[in-house]
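To start, the structure itself, in structure tokens.
Below, read A as the first sequence line, B as the second, and so on, with proteins coming before strands; counting in each chain starts at 1.
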Protein chains: 2
Amino acid sequence: MFEKQTLRTIVQALQQYSREAKDIFDNAMASSSNEVIVLAEDLVQYALEVAEVFPMNKRFAGFIDYKRARWSPFVSGLMPQVLLVDAKASKENNRDTLQRSQLPMDAEFRKSDGSIGKLAAGVPGHLEIPSATSEPIYAVTTTILVHYYYKDNLTGMPPFRDLQSIYVLAVPHGRLKDRYNPDPDTTFFGEGKHSSARNEDPRIRVYFSRLKKACPWRLQELKFLPGHDFSSPRWREGESLEEEILLPFSYLPR
Amino acid sequence: MFEKQTLRTIVQALQQYSREAKDIFDNAMASSSNEVIVLAEDLVQYALEVAEVFPMNKRFAGFIDYKRARWSPFVSGLMPQVLLVDAKASKENNRDTLQRSQLPMDAEFRKSDGSIGKLAAGVPGHLEIPSATSEPIYAVTTTILVHYYYKDNLTGMPPFRDLQSIYVLAVPHGRLKDRYNPDPDTTFFGEGKHSSARNEDPRIRVYFSRLKKACPWRLQELKFLPGHDFSSPRWREGESLEEEILLPFSYLPR
DNA sequence: ATGTGGCCAGTAAGGCCGATT
DNA sequence: AATCGGCCTTACTGGCCACAT
């Protein structure tokens, strides 16, 4: 529920900013082939920073695009949370690649040759935040992916791109492994994008269809339709698989 | 004066955040050799975003680390400004390398073989911001570099690095070319870091000593001294080369 | 010793394409 | 025609080294 609430807020923020996002994304001059990556990162920041809740006085640096320690409103009160959002730009619309440092759950999956692939989580389940008063605070980690799916406009004239949709994924917390990846054959993970031949750092893929099957609301799509904008609500409840594990007060690090 | 005022504010923000900055920079685990780059970017963001002034409802995306359109307090009133800050992390402490997209002034300099090197500005002098009311607003562009100068700690034990100082440079606006780079032999620019042999995109260097000579206050240094923190003011007035060109109200794009 | 030039190296982040279902 | 696996390309950022003062 906590992750769901977070995802819902983020989707709404992205939606509200979607018109300008598409405008910027499509029309930004291609100063380099790298452009879309930077655009995605900036757009995520713009959309989310207006929606920030009670910030905590804690900063940390690292490889994740958007990250905030904050007090997040939850049904049962304010929850200390570390929100980690990674921006992706891609011409594919069925999967995302994660670095280990972006993986919140120990993953295992069946490889094509029948063997088992594994990748240990790189994102800790919580962060310990020193408190001025007494006990340190344990802030639960929440991992979100924002995936800008686009096509090139080959005419060479603006708009240079056509942003098709924005996928937003809530990657389950490591504690939810029992539910989402109890064994190598039950998972939404798949082989990574790295080249093992070149000894690159292993990566891993998240497949949209399988994540959606496991839990519909964890895969949201903001789809750009010609002549249609996002003034209307777009949250998709998915089915009613809402009995998400409650982390809040029962949550203590181990 | 406008750029000076801006630089002063930024230096102060960086200074206030310098203690935590050093802590994070020195101790962050080296998850990759790229780490310092990300650290520098994040630290600049953390330091500056608390000091933001009246934001303008305008966003743009691109290759610059920290960028804001805002109304900046100035002696004669509020000035529309586009602040562009680029974060650098380096083991050198005498120069910075700029991409063309970070260069606010058409640059020319004498090359070692006697010929003249040139690089056209990639940063526009101003941005036109559509106004709800009537005339568009022209926001002056201000380019700042924040350079984290560090050394490695080779013991392999934390702290992994030793942040020596933070240099903050105000790169003159393109309009000030007459003063700062009237001819190829009068400049703080120098040959870039690109490999011409490999046909890389040309870059250009800004040399600290020469910039300082041309205008002392444009090169500020926050130096970390053992056992000393930054509780005291550190703005260095430099000499009294304060007769900076006044852009404000006389400023209109051409 | 420093100041300059400039060749490379390491690290993302995806584009793509060929092999499978 | 989609789904996967995975090799390789591109660009970004500085580390570093060789000369020249």
Review point. In Å and rounded to the nearest 0.5 Å, what is the NE2 to OG distance from H147(A) to S90(A)?
Key: 4.0 Å
Revision key, fill the gap. Taken to the nearest 0.5 Å, the spacing of L222(B) CG from S165(B) OG works out to 8.0 Å
Give a yes/no on whether any side-chain N or O of [X] is located under 4.0 angstrom from OP1 or OP2 of [N].
| X | N | result |
| --- | --- | --- |
| S195(B) | dG6(C) | no |
| R198(B) | dG6(C) | no |
| Q99(B) | dA11(D) | no |

Exercise for review: Please tell me which of N34(A) and N94(B) maps to the more 5' nucleotide of DNA chain C, matching each residue to the nucleotide holding its nearest heavy atom.
Suggested key: N94(B)
For the pair made of [atom1] in [X] and [atom2] in [N], what is the distance, rounded to whole Å?
| X | N | atom1 | atom2 | result |
| --- | --- | --- | --- | --- |
| D96(A) | dG14(C) | CG | P | 8 Å |
| R100(A) | dA13(C) | CZ | P | 16 Å |
| F63(A) | dT11(C) | CZ | C1' | 8 Å |
| D201(A) | dG14(C) | CG | P | 16 Å |
| N199(A) | dG10(C) | CG | P | 13 Å |
| D86(B) | dC12(D) | CG | P | 12 Å |
| Y148(B) | dG14(D) | OH | P | 12 Å |
| H147(A) | dA13(C) | NE2 | C1' | 12 Å |

Under 4.0 Å between any heavy atoms, over every strand shown, what does [X] touch: base, sugar-phosphate, or nothing? Just pick one.
| X | result |
| --- | --- |
| K111(A) | nothing |
| T97(B) | nothing |
| R203(A) | base |

Check your understanding: Just by protein heavy atoms under 4.0 Å, how would nucleotides 15-21 of chain D read 5' to 3' in B, S and -?
Key -> BB-----
Check your understanding: Salt-bridged, K177(A) to E108(A), with N to O below 4.0 Å?
Key -> yes
Closest to the [X] side chain: [options]?
| X | options | answer |
| --- | --- | --- |
| Y207(B) | dC8(C), dT4(C), dA12(C) | dT4(C) |
| E200(B) | dT13(D), dC7(D), dC8(C) | dC8(C) |
| E191(A) | dT4(C), dC12(D), dG5(D) | dG5(D) |

Practice item. May I have the step-by-step check of salt bridge (Lys or Arg N to Asp or Glu O under 4.0 Å) for K193(A) and E200(A), ending in yes or no? Key: CA-CA 9 Å; K193(A) 203 171 198 170; E200(A) 298 178 355; over 6 Å; no
Practice item. Ignoring hydrogens and angles, state whether a donor on the side chain of Q81(A) or T142(A) is under 3.5 Å from an acceptor on the partner side chain. Key: yes
Check your understanding: Between Y180(A) and R210(A), do the side chains contain an N or O donor and an N or O acceptor separated by less than 3.5 Å?
Key -> no
Practice item. Establish, yes or no, whether the cationic atom of R161(B) lies under 6.0 Å from the six-membered ring centre of F25(B) and within 45° of the ring axis. Key: yes
Exercise for review: Indicate yes or no: at least one non-hydrogen side-chain atom of L98(B) is less than 4.5 angstrom from one of K88(B).
Suggested key: yes
Can you name the atoms? Protein N/O to nucleotides 19-21 of chain C N/O, anything below 3.5 Å, with the distance.
none

Check your understanding: Run the side chain to side chain contact (heavy atoms under 4.5 Å, CB included) check on Y66(A) and V146(A) step by step: do they pass?
Key -> CA-CA 10 Å; Y66(A) 184 88; V146(A) 181; over 6 Å; no
Check your understanding: Can you list the residues that meet the ring-ring contact (aromatic ring centres under 6.0 Å, His included) rule with F188(B), with sequence neighbours excluded?
Key -> none
